[in-house]
Each structure stands twice: as C-alpha cells, then as structure tokens.
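These notes are about the structure you will find just below.
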Amino acid sequence: MVHFTCDHCGKELCPDGDERRFILKIETYPARDPNELTEEDLEDDHMEAVSQLLRDLDDDALELEKPRQSLRYDLCEECHHKFVHDPLGKEISHKLSFSKN
Ligand SMILES: [Zn+2]
C-alpha cells in the first residue's frame, strides 16, 4: 500500500484513513518587470521596437530556466490549513519577535 507522510509535521497519511492529503506546489523564478510589454509599447507604431522587445523576452526566457525552482510537498489537512492562512510564516515570526520583550 502506498503511504505518504506530511512533509511538514511527519504525520502518516494513509489513503484509507481519515486524514486528507494535500499537495503543495511552489514555483519561484526571477521577475522580469523591466522587459514586460506595456500598453504604450503596443499603441505606438513602433513595430521594430516591439519585435526587438519580443526577441529580448525570448532570450530572457531561456536564461531564466536555471533559477526557476519548483517544489512539491505533501501536507496533512492541519498543515495545509496553517499554510493557506499564513503562507510565508509571518504570524509565527511575529510571535517569536514579540516574545522577546
Ligand atoms: Zn502535517
């Protein structure tokens, strides 16, 4: 029987049990705002500039392959619930910094 454990708390998640299993996928990659097409680019009749911009975007897309990170986790229902309410763990770090006082 295939069984999973929660990647956050380690709880066992067997398919026949009461625990529901949640998949968490995280994808990160560098933003590329400076090269993004704006409406101005498209309104002006600068076809050469726009096509150059599109070529630049293609080049960037190739360069960005490496820094792209794709992560996948299995979570139990409780950890999933915590994650969707505080994806970046901000609440936890706030509590820790307050407890120092
Ligand atoms: Zn868990």
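For clarity, every value in this text was computed on a predicted model and none was experimentally measured. In each ligand, atom 1 is the first atom listed, and ligand 1 is the first ligand listed.
Panel detail: the Zn ion (ligand 1) has protein N, O or S atoms under 2.8 Å away, 4 in number.
The closest side-chain heavy-atom distance from E27 to R68 is below 4.5 Å. Side-chain contact between H8 and H80: absent, with no pair of heavy atoms (C-beta onward) separated by less than 4.5 Å. For the pair C6 and L13, the minimum side-chain heavy-atom distance is below 4.5 Å. Between L24 and F83, some side-chain heavy-atom pair lies under the 4.5 Å cut-off. Contact of the E77 side chain with the F22 side chain is registered, since non-hydrogen atoms from C-beta on lie closer than 4.5 Å.
Distance check: K25 NZ to S70 OG gives 7.0 Å after rounding to the nearest 0.5 Å.
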